[in-house]
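Right, one structure below, let's go through it.
Predicted model only: the values in this text are computed from it and were never measured. The chains referred to below are lettered A, B, ... by the order of the sequence lines, with proteins before strands, and numbering in each begins at 1. Any value given below was found using the heavy atoms of this structure, including those in side chains, with hydrogens, waters and symmetry copies removed.
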Number of protein chains: 2
Amino acid sequence: MAAVQEPTFFILTALAEEPLHGYGVMQSVSELSAGRLKLRAGTLYAALDRLTDDGLVVVDREEAVDGRLRRYYRLTDDGAAQLQAEVERLRTNASLAAARLRKAGRLRPAPGGAG
Amino acid sequence: MAAVQEPTFFILTALAEEPLHGYGVMQSVSELSAGRLKLRAGTLYAALDRLTDDGLVVVDREEAVDGRLRRYYRLTDDGAAQLQAEVERLRTNASLAAARLRKAGRLRPAPGGAG
DNA sequence: GTCAACGTACCGGCTATCGGTATATGCCGT
DNA sequence: ACGGCATATACCGATAGCCGGTACGTTGAC
């Protein structure tokens, strides 16, 4: 893995709670990011293929709803562990940068926060 | 900006505290990441050019040390603001994923902790 | 003379994402 | 019936960012 990009990170996050099908992942990512991130179909399915290839997600089951196929993906234990590792990396990096901004006196009080 | 990758994020972080020349950025990034990240020359200078183009860093000054040119780069106010925004994005994303892992009962105690 | 560290800079190739399109079904309004 | 939209999977060309190697030049160690 080593530093997945934001779209992939959100796909893993979406799948962390429960199995979802492709389109469901799209919607979940959009909600999770408060509308900031909108996955393209190409990005989503390519990523799911890659993640499946890497063993981070697996196809959980397939359902036919109104004649449309729904392929559900599930996060593997390995995938959950990787996501956790990503979370820690993100936090470490954020603290690092914040500390350095603070040293230089360039860290402004968070908007709305208690500086 | 919108989700810079890790190498670029570390370059900004390295420059947050004080102006550095290219090679100094390489070393700083290596130290900051505890040896995890080692910037390639191609990655570094291409990124510095891009960031300069985007107005996030500027050439601070140039020095000649032992006949070798040192070009110092400095983070602009805009660059510092962007880095701060990145920090907040990282923290938000990390919390999001952690919460979702927790809900699913997949969040394990930190490695080295009570397992 | 060779090797390593310093220091900037270019080049080819790879991967992930973007933006668009193809395909197919069901629902809604007209 | 027909068009338009949401659902749902899947491919394609283009782009951006990073990797790995290399080029070029100086200084110091062996």
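In this structure, OG1 on A:Thr8 lies 10.0 Å from CG on A:Leu44, to the nearest 0.5 angstrom. Residue B:Ser30 holds its OG atom at 11.0 Å from CZ of B:Arg36, rounded to the nearest 0.5 Å. Between atom CZ of residue A:Arg89 and atom CG of residue B:Leu90 there is a gap of 7.5 Å, rounded to the nearest 0.5 Å.
Rounded to whole angstrom, the span from the CD atom of A:Glu6 across to the C1' atom of C:dC18 amounts to 14 Å. Atoms CG (A:Leu69) and C1' (D:dA10) sit 12 Å apart, rounded to a whole Å. Put simply, CG on A:Leu51 is 15 Å from P on C:dT15, counting in whole angstrom units. The CG atom of A:Asp49 sits 18 Å away from the P atom of D:dA8 (whole-angstrom rounding). To the nearest angstrom, C1' of D:dT9 lies 10 Å from NE2 of A:His21. Between A:Tyr23 atom OH and D:dC5 atom P the separation is 13 Å, expressed in whole Å. Protein atom CZ of A:Arg40 is 15 Å distant from nucleotide atom C1' of D:dA14, rounded to whole Å. Counting to the nearest Å, the P atom of C:dA9 and the CG atom of B:Leu44 are 10 Å from each other.
One finds a side-chain N or O of A:Thr43 lying less than 4.0 angstrom from the OP1 or OP2 phosphate oxygen of C:dC18. Within the structure, every side-chain polar atom (N or O) of A:Arg50 is placed at least 4.0 Å from both OP1 and OP2 of C:dT15.
At a threshold of 4.0 angstrom between heavy atoms, the contacts of A:Gln27 are confined to the sugar-phosphate backbone, with no base atom among them. Using a 4.0 Å heavy-atom criterion, one finds that A:Gly42 contacts the bases of the nucleic acid, with or without backbone contacts as well.
Here ring-ring contact (aromatic ring centres under 6.0 Å, His included) pairs that include residues 24-47 of chain B, with residues two or more places apart or in two chains, number zero. Judged as a salt bridge (Lys or Arg N to Asp or Glu O under 4.0 Å), not a single pair has a partner in residues 20-32 of chain B (not counting sequence neighbours).
The side chain of B:Pro7 lies closest to D:dC18 when the candidates are D:dC18, C:dA9, C:dA5. With C:dA5, C:dT17, D:dA8 as the choices, the nucleotide that has an atom nearest any side-chain atom of A:Arg70 turns out to be D:dA8. The B:Arg71 side chain lies nearest to C:dA9 when the options are D:dA8, C:dA9, C:dT17.
Within the helix from C:dG1-D:dC30 to C:dT30-D:dA1, the inter-axis angle between the opening and closing five-pair segments is 0°, rounded to 10°.
Annotation: side chain of A:Glu86 is not in contact with side chain of A:Gln82 (no heavy-atom distance under 4.5 Å).
Taking B:Arg91 as the reference, nothing meets the side-chain hydrogen bond (donor to acceptor under 3.5 Å, both in side chains) condition, with sequence neighbours excluded. Residues passing the salt bridge (charged side-chain N to carboxylate O under 4.0 Å, His left out) test with A:Arg71 are A:Glu62, sequence neighbours excluded.
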Listing, residues 17-28 of chain B side-chain donor-acceptor contacts under 3.5 Å, not counting sequence neighbours, or none:
{"residue": "B:Glu17", "atom": "OE1", "partner": "A:Arg100", "partner atom": "NH1", "Å": "3.0"}

Check residues 49-61 of chain A and write down every donor-acceptor pair under 3.5 Å in which the side-chain atom is one partner and the other belongs to a residue at least two apart or another chain.
{"residue": "A:Thr52", "atom": "OG1", "partner": "A:Leu48", "partner atom": "O", "Å": "2.7"}
{"residue": "A:Asp60", "atom": "OD1", "partner": "A:Arg74", "partner atom": "NE", "Å": "2.7"}
{"residue": "A:Arg61", "atom": "NE", "partner": "A:Glu63", "partner atom": "OE2", "Å": "2.9"}
{"residue": "A:Arg61", "atom": "NH2", "partner": "A:Glu63", "partner atom": "OE2", "Å": "3.4"}

Under 3.5 Å between N/O atoms: give me all the protein pairs with nucleotides 21-27 of chain C, atom names plus distance.
{"residue": "C:dT25", "atom": "O2", "partner": "A:Arg68", "partner atom": "NH1", "Å": "2.5"}

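Toward the 5' end of DNA chain C, the nearer of the two residues A:Ala46 and B:Tyr45, judged by each one's closest nucleotide, is B:Tyr45. Between B:Lys38 and A:Val65, the one whose closest nucleotide on DNA chain D sits nearer the 5' end is A:Val65.
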